[in-house]
K.L.:
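Have a look at this one before I ask anything.
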Amino acid sequence: MNAIEQIIAGYVSLKNRQALEELRDHRQRLLDGVRAHSVPGFRPTVVHDTLREEIELIEAALARFDEDA
């Protein structure tokens, strides 16, 4: 389990939906920044893919909150 998965698991176990939403929003802002600021010679593919994957993990955790409600 990597760091983001541990963080997500912690928030889920604490039933802290707000923290998960804030984490997702933060990751989305980072992703938007990567898209908006291109740097010559730098390929943001790995960063982009990692952030997308993290957002998907967070959204899956949020979906579990919806299922439990």
K.L.:
Not counting sequence neighbours, list each pair that qualifies as a side chain to side chain donor-acceptor pair (under 3.5 Å) and has a residue in residues 54-63.
P.N.:
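Only R27-E54 qualify under side chain to side chain donor-acceptor pair (under 3.5 Å).
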K.L.:
For E22, what residues pass the side chain to side chain donor-acceptor pair (under 3.5 Å) criterion, not counting sequence neighbours?
P.N.:
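Partners of E22 under the side chain to side chain donor-acceptor pair (under 3.5 Å) test: Q18.
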K.L.:
What pairs with Q6 under side chain to side chain donor-acceptor pair (under 3.5 Å), at least two apart in sequence or on another chain?
P.N.:
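With sequence neighbours excluded, Q6 shows a side chain to side chain donor-acceptor pair (under 3.5 Å) to no residue whatsoever.
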K.L.:
Can you sort out the partners of V12 under side chain to side chain contact (heavy atoms under 4.5 Å, CB included), two or more places apart, ordered by chain and number?
P.N.:
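With sequence neighbours excluded, V12 shows a side chain to side chain contact (heavy atoms under 4.5 Å, CB included) to I8, L20, A61, R64, F65, given in chain and number order.
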K.L.:
Quick one, R29 and R24 - any side-chain contact, counting heavy atoms below 4.5 Å?
P.N.:
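No, side chains not in contact.
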K.L.:
Side chain to side chain donor-acceptor pair (under 3.5 Å) with R35: which residues, sequence neighbours excluded?
P.N.:
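For R35 there are no side chain to side chain donor-acceptor pair (under 3.5 Å) partners, ignoring immediate neighbours.
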K.L.:
Can you name the side chain to side chain donor-acceptor pair (under 3.5 Å) partners of D25, sequence neighbours left out?
P.N.:
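In terms of side chain to side chain donor-acceptor pair (under 3.5 Å), with neighbours along the sequence ignored, D25 is linked to no residue.
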K.L.:
Hey, could you give me the CD/CD distance between E53 and E5, rounded to the nearest 0.5 Å?
P.N.:
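With rounding to 0.5 Å, CD (E53) is 7.5 Å from CD (E5).
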K.L.:
About how many Å separate CG of L23 and CG of N16, when rounded to the nearest 0.5 Å?
P.N.:
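These two atoms lie 10.5 Å from each other.
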K.L.:
According to side chain to side chain contact (heavy atoms under 4.5 Å, CB included), who are the partners of A9, at least two apart in sequence or on a separate chain?
P.N.:
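Partners of A9 by the side chain to side chain contact (heavy atoms under 4.5 Å, CB included) criterion come out as none, since no residue qualifies.
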K.L.:
Which distance, rounded to the nearest 0.5 Å, do you find between the CG of L57 and the CG of N2?
P.N.:
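With rounding to 0.5 Å, CG (L57) is 7.5 Å from CG (N2).
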K.L.:
Under the rule for side chain to side chain contact (heavy atoms under 4.5 Å, CB included), what residues qualify as partners of T45, not counting sequence neighbours?
P.N.:
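Once residues adjacent in sequence are excluded, the partners of T45 under the side chain to side chain contact (heavy atoms under 4.5 Å, CB included) criterion are R43, D49.
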